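Inspection log for the structure reproduced underneath, given as structure tokens.
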Amino acid sequence: MAPPAQTNRSPSPSQPSGKSEVTDLKLQLRQLAGSRLPGVDDSKRELFKKVISYMTIGIDVSSVFGEMVMCSATSDIVLKKMCYLYVGNYAKVNPDLALLTINFLQRDCKDEDPMIRGLALRSLSSLNVANLVEYLVGPLNSGLKDNNSYVRMVAVIGVLKLYHISASTCTDADFPAVLKHLLLNDQDTQVVANCLLALQEIWSGEASTSEEALRERETLLSKPVIYYLLNRIKEFSEWAQCLVLDLVVKYVPSDSNEIFNIMNLLEDRLQHANGAVVLATAKVFLHMTLSMTDVHQQVYERIKAPLLTLVSSGSPEQSYAVLSHLHLLVMRAPYVFSSDYKHFYCQYNEPSYVKKLKLEMLTAVANESNTYEIVTELCEYAANVDIPIARESIRAVGKIALQQYDVNAIVDRLLQFLEMEKDYVTAEALVLVKDLLRKYPQWSQDCIAVVGNISSQNVQEPKAKAALIWMLGEYSQDMSDSPYILESLTENWDEEHSPEVRLHLLTAVMKCFFKRPPETQKALGAALAAGLADLHQDVHDRALFYYRLLQHNVTVAERVVNPPKQAVSVFADTQSSEVKDRIFDEFNSLSVVYQKPSYMFTDKEHRGPFEFSDELGNLSIGTESNVPAHVVEANDKDLLLSTSEKEEIRGAGTNGSAYTAPSYDSSLISIATQAQPDLAISNAEVAGLSPQSSLAIDDLLGLGLPAVPAPAPSPPPLKLNARAVLDPGTFQQKWRQLPLSVSEELSLSPQGAAALTTPQALLRHMQGHSVHCIASGGQSPNFKFFFFAQKAEESSIFLVECKINTSSAKAQITIKADDQSMSQAFSTLFQSALSKFGTS
Amino acid sequence: MLQCIFLLSDSGEVMLEKQLTGHKVDRSICAWFWDQVISQGDSFKQQSVIASPTHYLFQIVREGITFLACTQVEMPPLMGIEFLCRVADVLSDYLEGLNEDVIKDNFIIVYELLDEMIDNGFPLTTESNILREMIAPPNIVSKMLSVVTGSSSNVSDTLPGATASCVPWRTTDIKYANNEVYVDLVEEMDAIINRDGVLVKCEIYGEVQVNSHITGLPDLTLSFTNPSIMDDVRFHPCVRFRPWESHHILSFVPPDGLFKLMSYRVRKLKSTPIYVKPQITSDAGTCRINVMVGIRNDPAKIIDSITVQFQLPSCVLSADLTANHGAVTIFSNKTCTWSIDRIPKDRAPALSGTLMLETGLERLHVFPTFRVGFRIQGVALSGVQLDKLDLRVVPSRLYKGFRALTRSGLYEVRS
């Protein structure tokens with residue numbers, strides 16, 4: 001949170017400090033305070049206006065607080081409003097004086113005019129002074145029962161404000177129950193919406209300490225409440241609709257009929273004029289149908305048009321946010337959008353980040369039928385004024401070429417780029433031609449003819465130069481003057497600043513040498529000599545390596561340098577599918593705009609307005625990315641780590657059919673820790689974790705919330721980092737280096753042994769205790785696991801080897817630790833976690 | 001949920017600060033924001049969602065005024081942006097335009113409005129019709145009234161009736177001596193014509209705007225002759241969904257005054273009303289440019305306000321452009337505007353001239369994009385036509401009016 005504003009704010013130098021003016025105002029206000037002359041309201045109003053305008057430009061006028069309160073006895077509503085505004089702003093820094101305002105605010109809360117009652121109540125609850133909450137309970141109570149909906153609406157939010165000032169006062173006065181009654185019975189939909197908002201926050205806040213609140217929070221997601229809200233949704237204001245839709249996303253319908261009913265009911269929301277409603281509805285649709293592949297596809301079709309319209313019709317600010325969401329959908333299901341590619345054509349005056357998104361989408365939706373037109377369009381951007389976009393579009397052409405079977409036309413275009421004689425176009429095109437040749441060697445003749453015409457002097461960018469040199473080496477038999485170009489490049493060795501280029505040059509000269517020895521010999525000698533003298537370590541090493549290789553055996557060297565080439569079929573993708581899935585789960589949130597899941601950019605405590613969240617988020621498959629799972633010992637035959645299995649699950653997940661096989665993954669932990677940020681897995685707590693029973697199952701069904709354990713009675717002895725990361729190499733190295741700390745045999749509970757049918761089950765369980773698996777394998781009855789854990793806020797790592805025999809229900813554990821002193825504590829923790837497996 | 005709203009002037013001065021929750025947001029965030037604006041320039045101003053070191057900011061810019069909202073929690077981004085757009089709309093509606101002075105003069109009203117529009121960071125009432133009943137706009141009439149009657153409150157005494165009615169966008173007791181309803185079809189044509197002169201994209205975004213002044217609670221139905229060509233329709237909350245589903249009829253109880261009844265798109269149009277043909281040839285450091293404009297498909301109505309605008313590439317040193325019709329202006333930022341207005345009967349307008357390139361540059365590599373503007377009154381180019389407008393209970397003295405207008409949206413011709 002930002003630091004408290006008033007206390008340390010000094011008027012900025014550019015603005016008048018206003019000291020004398022404030023004293024002046026103070027005097028004038030004092031004169032008016034007692035006056036009952038006619039027209040006094042008008043003069044007061046002028047003064048109040050001045051005070052507030054000073055406040056607005058940042059001058060501290062808190063010193064006139066007393067006078068303002070004295071003047072507040074008036075029937076003029078505008079004066080009252082100004083006074084409320086002033087009081088609300090300064091009460092917190094003047095808690096003593098704020099007491100003075102209570103009197104008149106309480107009186108106003110009983111005014112005849114509902115507007116004044118509402119405003120007074122709002123100001124009273126906005127005072128934000130902890131000592132004064134006792135005066136708030138009464139007015140709120142009567143406000144909630146007021147027969148005017150405006151007052152009730154204000155009172156409901158007042159309860160929420162009270163909760164944030166003093167949670168205990170709020171619950172003691174039994175306000176949540178009153179709100180719940182209003183939620184289900186009030187006529188006015190705005191009151192209902194405010195109740196929903198307030199209850200979600202209050203119960204989420206209470207859930208960590210109170211069983212009841214936890215239950216109540218779940219009832220919000222129960223069928224009757226959801227249906228009650230859904231049936232009235234059209235009466236709600238647009239913002240309240242967003243709120244309800246946000247709640248519905250978390251509701252898990254019991255069967256597909258229910259899903260269809262809800263979707264039918266909500267379908268017209270997609271035609272709402274408010275973009276926020278449209279996106280919230282889209283989110284409901286997408287999440288409800290995750291398990292139904294066919295319907296999920298239809299949902300894409302259905303929400304496509306509204307989103308595309310939002311992009312083109314809204315203000316530029318809105319279109320960017322919608323475009324980001326659309327980008328996400330396009331990346332997930334490009335084929336759905338393949339006929340709408342024209343929507344992604346860039347307009348001349350769009351900002352470049354919008355163009356970039358559009359280029360990515362154009363690349364993704366390209367298929368056999370539309371490639372020609374998309375590439376034509378992209379080629380026009382290559383002459384764009386905006387150079388980064390011109391580059392991006394050339395890259396996009398290249399990506400499409402690498403995706404497609406029919407590259408005929410595209411290659412021609414790329415070659416045209418090379419003839420455009422613009423530095424950056426040539427540079428980008430060269431890199432692409434290189435990639436293309438790696439994938440489609442059959443095009444070499446055409447490409448080489450054009451590339452051969454490019455003078456190496458015109459290529460300056462290291463990447464492009466490296467690409468050109470690679471081609472010179474690789475196809476030296478087809479390019480008549482390649483040895484001579486390479487030779488001249490070698491002569492300028494010292495002027496070449498990029499080590500990447502020098503490395504490529506060395507290799508290219510080598511390749512060329514084996515193809516055309518007599519012509520290249522001189523260049524090779526020069527290159528090797530220059531390489532050996534090079535100051536860059538890699539270049540030096542490679543030169544030395546080549547030199548020795550040649551010395552050792554020339555035929556071997558040829559096999560090393562010029563092996564038969566295999567065409568590259570797939571280039572590695574950059575953004576992992578896990579991350580994409582994760583972002584998809586956070587549809588209609590800031591994550592989408594940033595193209596990062598929220599854990600990558602928000603602090604834990606800010607990750608949601610309340611921690612209701614992610615029952616559905618959990619259903620995503622493949623968030624295992626936090627746990628690098630690899631085979632540790634390749635020769636350990638029983639370590640059949642299921643990377644392949646995981647791939648399968650993940651693949652199915654993106655198809656949307658693996659809804660029923662969710663993983664109990666780290667995101668759940670994050671929720672648990674969110675609810676109680678310092679949740680520590682201590683012995684005491686683990687023992688008290690029985691409410692976590694059926695945690696995983698509840699979670700599968702999306703019903704339950706992670707039961708959060710009662711706070712630890714004593715400071716926990718050992719905390720583990722829930723997001724520990726370790727790479728297999730380090731694990732292996734540490735395992736070899738560290739001495740044995742603990743080696744024990746223990747027995748598993750019979751249920752645990754029974755539950756262990758696949759390694760995954762235990763992995764998820766242990767992850768819940770912040771113990772991560774790095775490798776696992778074996779088949780029933782013998783399993784073997786390697787776990788690791790990291791001490792919270794420290795780098796100290798614990799490593800565990802765990803062999804389990806399910807038929808005898810025995811487990812053998814070996815623990816190694818960075819910090820030997822903690823290994824015993826960790827061992828107890830690990831064992832208790834393990835013994836919980838299956839019983840929960 | 002939103003924690004704070006700031007209104008900044010175009011010099012970065014904080015004109016207004018409205019804290020929404022107990023967690024105060026320090027004003028220093030505005031200083032940070034403005035530093036970024038200065039250092040990063042326009043591209044920063046165009047970003048609607050920004051991550052500052054302490055908060056996430058939503059911004060929209062209207063008439064030079066930056067509306068800034070801060071939050072620290074995850075929330076639907078469109079909610080923040082849409083809300084700010086509504087605030088801007090309501091303010092400009094209330095204050096009859098937006099600028100620095102008008103906001104500073106009426107900051108009390110702005111505070112009052114924000115107070116009703118958002119509470120505890122969650123948007124409440126953003127319908128300007130309803131807000132008008134709670135807070136009277138600062139127009140001359142009310143000022144006069146307050147002087148004459150001596151009661152100087154701009155807050156109405158009663159609560160809006162609509163908050164309790166089942167038609168939240170309308171009060172029940174509206175009376176007019178003359179009942180009027182006007183329906184406007186306003187269409188914008190977006191088109192891209194590529195380097196080879198091929199129309200690669202052409203679609204129309206249309207809105208049905210209604211201005212209604214009718215006594216009581218009127219129930220209107222509006223039908224189109226050819227509703228099937230409308231692609232993706234979106235409605236004002238007052239439109240009933242079922243009649244549209246079954247018969248493509250708009251049935252609604254309108255808000256009082258002007259509002260946007262629906263919007264639609266018509267895709268895959270085959271032609272544009274005018275053509276713009278640029279030709280650029282360059283040789284030995286000079287470049288000949290020639291642009292022809294003419295009517296392609298006569299819409300049988302007058303096409304006016306025709307303009308052609310383009311940005312000269314940065315490598316152009318000087319330009320000498322003349323037109324046989326209309327005026328050509330070259331601005332200091334190398335934007336060139338050719339305003340033609342109407343196309344004369346006797347000749348086709350043409351612009352021609354030479355561009356001098358930077359020394360050392362033989363040919364032009366970067367080609368300008370021509371943005372075309374036009375306006376046609378009396379016709380909706382998409383072909384959408386209003387059929388009829390009926391009232392369930394026809395009041396005495398009803399006047400119904402229909403109009404149509406097509407103008408260019410993003411219409412660009414590449415060269």
Side-chain angles (χ1 to χ4, degrees), chain A residues 1-5 42 49 53 56 58 76-78 81-82 85 114-115 128 148-150 157 160-161 164 190 197 239 242 268 271-276 279-280 305-306 309 312-313 315 317-318 320-321 342 345 347-348 351 377 380 383 385 422 588-590 593 598 601-602 606-609, chain B residues 1 14 16-17 22-27 43 46 48-49 51 54 56 60 72-74 76-79 81-82 85 107-108 111-112 119-120 122-125 152-155 159 163-164 190 192 194-195 200-201 205 231-236 241 263 265 313 365-367 369 371 410 412 414:
Chain A
M1 288 296 148
D42 283 342
K49 213 168 164 180
S53 77
T56 301
D76 185 273
I77 194 163
V78 174
K81 278 194 177 181
M82 287 199 266
L85 185 70
M115 192 96 187
N128 210 0
N148 190 296
S149 59
Y150 180 78
I157 292 295
L160 183 59
K161 287 176 182 159
H164 284 303
Q190 193 60 57
L197 183 75
W239 311 108
C242 296
D268 53 342
Q271 273 150 350
H272 201 282
N274 187 324
L279 265 186
T309 307
S312 54
S313 67
S315 66
E317 294 91 356
Q318 288 161 320
Y320 175 58
K342 282 186 180 169
Y345 282 5
Q347 298 281 354
Y348 167 76
E377 178 74 12
E380 301 215 330
V385 193
K422 261 195 281 185
N588 197 19
S589 70
L590 295 175
V593 181
S598 57
F601 66 88
T602 19
H606 296 151
R607 209 160 295 148
Chain B
M1 296 298 105
V14 181
L16 206 112
E17 166 185 345
H23 300 296
K24 264 214 154 83
V25 180
D26 192 74
R27 216 171 247 227
S43 69
Q46 284 168 326
S48 48
V49 185
T54 50
Y56 305 104
I60 64 163
Q72 283 181 313
V73 296
E74 178 68 284
L78 264 190
M79 200 149 155
I81 297 165
E82 278 266 12
C85 292
F107 65 93
I108 296 285
Y111 273 126
E112 288 182 58
D119 194 5
N120 206 36
F122 194 79
L124 293 176
T125 318
S152 46
S153 154
N154 69 337
V155 174
L159 263 186
T163 47
D190 294 351
I192 298 176
N194 77 2
R195 210 149 281 160
V200 291
K201 173 186 163 183
Y205 169 76
D231 223 355
D232 176 48
V233 285
R234 290 204 289 152
F235 303 115
H236 188 273
F241 190 59
S263 65
R265 270 187 315 153
H365 289 303
V366 179
F367 302 108
T369 301
R371 277 162 290 154
L410 298 163
E412 58 181 57
R414 299 180 187 147

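Everything quoted here is computed from the prediction, not taken from an experiment.
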### Message
What verdict does the salt bridge (charged side-chain N to carboxylate O under 4.0 Å, His left out) test give for B/Asp119 and A/Lys161, after you've listed the backbone C-alpha separation in whole Å, the side-chain angles of each residue and the deciding distance to 0.1 Å?
### Response
CA-CA 10 Å; B/Asp119 194 5; A/Lys161 287 176 182 159; 3.1 Å; yes

What distance do [X] atom [atom1] and [Y] atom [atom2] have between them, rounded to the nearest 0.5 Å?
| X | Y | atom1 | atom2 | answer |
| --- | --- | --- | --- | --- |
| A/Gln190 | B/Leu124 | CD | CG | 5.0 Å |
| A/Met82 | B/Phe107 | CE | CZ | 8.0 Å |
| B/Leu78 | A/Leu279 | CG | CG | 4.5 Å |
| A/Tyr345 | B/Asp190 | OH | CG | 14.5 Å |

**Message:** With a 4.5 Å cut-off on side-chain heavy atoms, are B/Thr369 and A/Glu380 touching?
**Reply:** no

What are the two closest heavy atoms between [X] and [Y], and how far apart are they?
| X | Y | answer |
| --- | --- | --- |
| A/His272 | B/Arg234 | O-NH1, 3.2 Å |
| B/Phe122 | A/Trp239 | CZ-O, 3.3 Å |
| B/Val233 | A/Gln271 | O-CG, 2.7 Å |

Exam field: side chain B/Glu82 to backbone A/Asn274, donor-acceptor pair closer than 3.5 Å
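It does not hold such a pair.
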
Answer with side chain, backbone, both or neither: which region of [X] has an atom nearer than 4.5 Å to a non-hydrogen atom of chain A?
| X | result |
| --- | --- |
| B/Tyr111 | side chain |
| B/Leu410 | both |
| B/Ile60 | both |

